[in-house]
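Since the structure comes first, as structure tokens, the remarks are kept for the end.
Whatever order the structure lists ligands and atoms in, that order sets their numbers, starting from 1. These values consider heavy atoms only, across backbone and side chains, with no hydrogens, waters or symmetry-generated copies.
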Amino acid sequence: MKRIRILFIGLTLSAGFAGTQAQVAQPGRLLASNCFQCHGTNGKGPGFDAIAGKSVGEIYTKLKEFQAGKEGNGIMAKHALGYTDQQMQALDKWLSTQQ
Ligand code: HEC
């Protein structure tokens, strides 16, 4: 029972954190930090494909394709499910500023 309560508190805290993430001054940069472990710091590699410095709209389109199951069936297809449309636009906008 105690373990279940602790798990519940953990879930509540992480849900609260995800909610506040979208409201900070630079939501794109903060959200993109989720990508750095695989795509390199600021999305510039090394790692999987570099995602920095693409033209505006490119990352958004890719993420929508991953989310819709039209592209890939691996890590990104699952990862993309965690973002709202607004968050994907913020990611796209911020990553496109990284040369
Ligand atoms: C756990 C590792 C991991 C994380 C975290 C991750 N990615 Fe990926 N990403 C991949 C892999 C692996 C691929 C190659 C396609 C595949 O296998 O799904 C990929 C491919 C992509 C592509 C396609 C690139 C191309 O040129 O076709 C985009 C765009 C992308 N990721 C964006 C993101 C964004 C934005 C984030 C953060 C919100 C992110 N990724 C987080 C592993 C990751």
Side-chain angles (χ1 to χ4, degrees):
M1 188 62 194
K2 194 172 182 189
R3 206 179 258 165
I4 291 171
R5 196 171 308 139
I6 289 168
L7 178 67
F8 181 72
I9 291 168
L11 288 174
T12 312
L13 285 177
S14 42
F17 178 67
T20 48
Q21 259 188 335
Q23 292 157 17
V24 295
Q26 272 196 317
R29 170 67 174 75
L30 197 57
L31 287 166
S33 65
N34 291 332
C35 323
F36 300 165
Q37 63 182 345
C38 295
H39 292 282
T41 305
N42 295 334
K44 297 176 186 179
F48 298 114
D49 317 285
I51 52 173
K54 308 255 189 209
S55 34
V56 179
E58 236 177 286
I59 296 292
Y60 175 75
T61 305
K62 279 275 182 191
L63 289 175
K64 289 296 278 186
E65 286 172 0
F66 281 125
Q67 207 176 48
K70 291 179 188 163
E71 167 97 29
N73 55 11
I75 295 170
M76 278 312 297
K78 302 276 187 301
H79 192 88
L81 292 175
Y83 297 94
T84 64
D85 213 59
Q86 198 183 12
Q87 289 172 326
M88 290 189 287
Q89 283 172 19
L91 278 163
D92 176 82
K93 198 170 159 196
W94 186 82
L95 283 165
S96 69
T97 66
Q98 299 303 298
Q99 295 309 315

Close approach of Phe36 to ligand 1, heavy atoms, under 4.0 angstrom: no
Pair Lys62 + Asp92, salt bridge at N-O below 4.0 Å: no
Atoms in ligand 1 with a heavy atom of Tyr83 nearer than 4.0 Å: 38 (C)
Nearest-neighbour protein heavy atom for atom 28 (C) of ligand 1, which is reported as residue plus atom name and distance: Ile51 CG2, 3.7 Å
Nearest protein heavy atom with distance in Å, relative to atom 31 (N) of ligand 1: His39 NE2, 2.9 Å
Atom 5 (C) of ligand 1: the protein heavy-atom neighbour that sits closest, reported with distance to 0.1 Å: Asn34 O, 3.3 Å
Side-chain (Gln67) to main-chain (Tyr83) donor-acceptor, under 3.5 angstrom: yes
Taking atom 42 (C) of ligand 1 as the reference point, the nearest protein heavy atom with its distance: Phe48 CD1, 3.5 Å
Atom pair CG/SG of Leu63 and Cys35 - distance to nearest 0.5 Å: 7.5 Å
Heavy-atom nearest neighbour in the protein, as seen from atom 2 (C) of ligand 1, with distance rounded to 0.1 Å: Cys38 SG, 1.9 Å
Proximal atoms of ligand 1 relative to Gln37 (non-hydrogen, under 4.0 Å): 5 (C)
Residue, atom name and distance, where the atom is the protein heavy atom closest to atom 20 (C) of ligand 1: Met76 CG, 3.4 Å
Side chain to side chain, Asp85 and Lys64, heavy atoms closer than 4.5 Å: yes
From Gly82, Cys35, Ala50 - option closest to atom 37 (C) of ligand 1 by heavy atom: Cys35
Inter-residue atom distance Ile51.CD1 - Ser96.OG, 0.5 Å rounding: 11.5 Å
Atoms of ligand 1 close to Ile59 [distance to a heavy atom under 4.0 angstrom, numbered from 1]: 29 (C)
Interatomic spacing from CE in Met76 to CD in Glu65 - rounded to 0.5 Å: 11.5 Å
Atom 22 (C) of ligand 1 - nearest protein heavy atom and its distance: Phe66 CE1, 3.6 Å
Verify atom 7 (N) of ligand 1: protein non-hydrogen atom under 4.0 angstrom away: yes
Under 4.0 Å to a heavy atom of Leu91 - the qualifying atoms of ligand 1, by number: 38 (C)
Hydrophobic cluster identity match, Phe48 and Phe36, side-chain contacts under 4.5 Å: no
Protein heavy atom at shortest distance from atom 14 (C) of ligand 1: Asp49 OD2, 3.6 Å
Donor-acceptor contact present, side-chain His39 to main-chain Asp49, <3.5 Å: yes
Mode of Glu58 contact toward ligand 1 - side chain, backbone, both, neither (heavy atoms, under 4.0 Å): neither
Euclidean distance, Gln89 CD relative to Leu31 CG, rounded to 0.5 Å: 12.0 Å
NZ (Lys93) with more than 12 external heavy atoms under 6.0 Å: no
